[in-house]
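Each remark here refers to the structure printed beneath this line.
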Amino acid sequence: MKRSLTLGQNPSHLVKITMIVLLSLGSVGVVGGSFFLRKAFISSSQSEIVTDTSRYKEIRHQLWSSQDDIKHFPTEIPAGVENERLAYAPGSSQTGAYFQVRLRKSPEQIQQLLEQYRKLAKHQYRGGDTNVHANLPNGVPTTFFYTSESAVESFPPSYEILVLNAKDKGRPSFKWNHGDSYGVAIDSSASEIIYWAEKW
């Protein structure tokens, strides 16, 4: 389960994370390194991630800080939706926040949503995760597959990741150190859509 580390809890763990981050900076570049750092903190978090779908409306309408980032999310999970999954982490001063909801819809609905969001997308990717996408030429950060049913946090190639917006709020010398992005990931073969938003 993904958890966020609060500073001062385990200094030796922080040293290990720092060493991993320094090694990662050399191998995946500065952009990837900053996301690796964020992911390391999230993975070692001590706070619980919300996965209870009954809390969707509360998170959607009250807990997520910027409604602009989630205006494309459904206002509520429709009755009768199968296989819905939710992942929400509120973030802290050391960790990023994320919100994802995964829904299965009819093949016809998925096709309509795919056409709709392809027209709105500023960036499109096939499979992968935020580290992969951010390090592509002209790439931007996206998200991890937090609502996966396994430990795999990278989207399989069957998913089309459509970025509706991404804002770099980092320094010129440390691109994407802070920012946010949001969009959808759609798997036509599984008739699934994932609505996602990230802040770091």
Side-chain angles (χ1 to χ4, degrees), residues 28-29 31-32 34-35 38-39 51 53 56-57 59-61 64-89 96-150 152-170 175-176 178-200:
V28 297
V31 172
S34 68
F35 281 93
R38 183 170 59 91
K39 187 62 185 162
T51 58
T53 55
Y56 176 76
K57 280 180 79 172
I59 297 164
R60 167 72 174 82
H61 298 286
W64 190 259
S65 61
S66 173
Q67 291 298 303
D68 282 345
D69 294 353
I70 57 171
K71 62 187 174 192
H72 65 293
F73 279 50
T75 53
E76 60 185 7
I77 296 177
V81 169
E82 297 177 20
N83 198 35
E84 73 270 14
R85 294 178 64 85
L86 179 138
Y88 165 71
Y98 61 82
F99 183 21
Q100 259 184 31
V101 63
R102 177 177 165 193
L103 306 172
R104 181 171 292 156
K105 295 182 174 270
S106 73
E108 295 78 24
Q109 289 173 311
I110 289 294
Q111 269 316 117
Q112 288 173 353
L113 289 166
L114 190 56
E115 289 172 22
Q116 172 190 338
Y117 287 119
R118 275 180 178 160
K119 291 175 186 171
L120 299 172
K122 295 182 178 179
H123 303 272
Q124 298 181 21
Y125 304 104
R126 182 63 76 166
D129 60 43
T130 191
N131 289 332
V132 172
H133 304 147
N135 282 294
L136 291 171
N138 300 311
V140 298
T142 56
T143 191
F144 291 98
F145 194 0
Y146 298 113
T147 51
S148 171
E149 292 165 2
S150 68
V152 175
E153 293 180 339
S154 189
F155 290 94
S158 56
Y159 275 92
E160 193 167 332
I161 294 87
L162 303 169
V163 183
L164 302 180
N165 203 12
K167 292 179 238 161
D168 181 4
K169 297 178 181 175
K175 192 170 169 60
W176 294 109
H178 295 288
D180 56 66
S181 67
Y182 56 89
V184 294
I186 297 177
D187 183 342
S188 298
S189 61
S191 292
E192 287 185 342
I193 182 169
I194 296 170
Y195 298 87
W196 59 269
E198 289 258 357
K199 289 181 176 299
W200 59 92

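The model shown is predicted, which means the values in this text are computed figures rather than measured ones.
In this structure, the separation between OG on Ser65 and NZ on Lys199 is 4.5 Å, given to the nearest 0.5 Å. Considering OG of Ser188 and CG of Leu113, their distance stands at 10.0 Å, rounded to 0.5 Å. Interatomic distance, CG of Leu164 versus CG of Leu120, reported as 6.0 Å (0.5 Å rounding). With rounding to the nearest 0.5 angstrom, the NE2 atom of His61 is 5.5 Å from the OG1 atom of Thr75. From Tyr182, atom OH reaches atom CZ of Phe73 across 11.0 Å, with rounding to the nearest 0.5 Å.
None of Ile70, Thr147, Ile161, Asp69 except one satisfies the side-chain contact (heavy atoms from CB on, under 4.5 Å) rule with Trp196; the exception is Ile161.
Under the side-chain hydrogen bond (donor to acceptor under 3.5 Å, both in side chains) criterion, Ser148 pairs with Ser150, not counting sequence neighbours. The side chain to side chain contact (heavy atoms under 4.5 Å, CB included) search around Gln109 returns Lys105, Ser106, not counting sequence neighbours. Scored by the ring pair (Phe, Tyr, Trp, His ring centres under 6.0 Å) test, Phe155 finds Phe145, Tyr159 as partners (sequence neighbours excluded). With sequence neighbours excluded, the residues satisfying side chain to side chain contact (heavy atoms under 4.5 Å, CB included) with Thr53 are Ile77, Glu84, Leu86. Scored by the side-chain hydrogen bond (donor to acceptor under 3.5 Å, both in side chains) test, Ser158 finds Asp187 as partners (sequence neighbours excluded). In terms of the side-chain hydrogen bond (donor to acceptor under 3.5 Å, both in side chains) criterion, residue partners of Lys122 (sequence neighbours excluded) are, by chain and number, Asn165. Applying the salt bridge (charged side-chain N to carboxylate O under 4.0 Å, His left out) test to Glu149 and every residue at least two apart in sequence or in another chain returns Arg102. Under the ring pair (Phe, Tyr, Trp, His ring centres under 6.0 Å) criterion, Tyr88 pairs with Phe99, not counting sequence neighbours. For Arg60, the side-chain hydrogen bond (donor to acceptor under 3.5 Å, both in side chains) partners at least two apart in sequence or on another chain are Gln67. Scored by the salt bridge (charged side-chain N to carboxylate O under 4.0 Å, His left out) test, Glu76 finds Lys57 as partners (sequence neighbours excluded).
Side-chain atoms of Ser191 never come within 3.5 Å of backbone atoms of Arg104 as a donor-acceptor pair (strictly under, hydrogens ignored). Under a 3.5 Å cut-off, the side chain of Gln100 and the backbone N or O of Phe144 do form a donor-acceptor pair.
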Worksheet item: Between Thr143 and Thr130, does a side-chain contact (heavy atoms from CB on, under 4.5 Å) hold up when you go through it step by step?
Response: CA-CA 5 Å; Thr143 191; Thr130 191; 5.6 Å; no
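Among pairs with a residue in residues 126-147, those fulfilling salt bridge (Lys or Arg N to Asp or Glu O under 4.0 Å) read Arg126-Glu160, at least two apart in sequence or across chains. Listed by first and then second residue, the ring-ring contact (aromatic ring centres under 6.0 Å, His included) pairs involving residues 105-130 are Tyr125-His133 (not counting sequence neighbours).
Side chains of Asp180 and Glu198 form no contact here, defined as non-hydrogen atoms less than 4.5 Å apart. Proximity of Pro78 to Val81: side-chain heavy atoms (C-beta onward) are separated by under 4.5 Å at one or more points. Considering only heavy atoms from C-beta on, Glu192 stays 4.5 Å or farther from Leu103 through its side chain.
Among all heavy-atom pairs drawn from Ala87 and Tyr146, the shortest one is CB-CB, 3.7 Å. Counting all heavy atoms, side chain and backbone alike, Leu162 lies closest to Ile186 at CD1-CD1, 4.4 Å.
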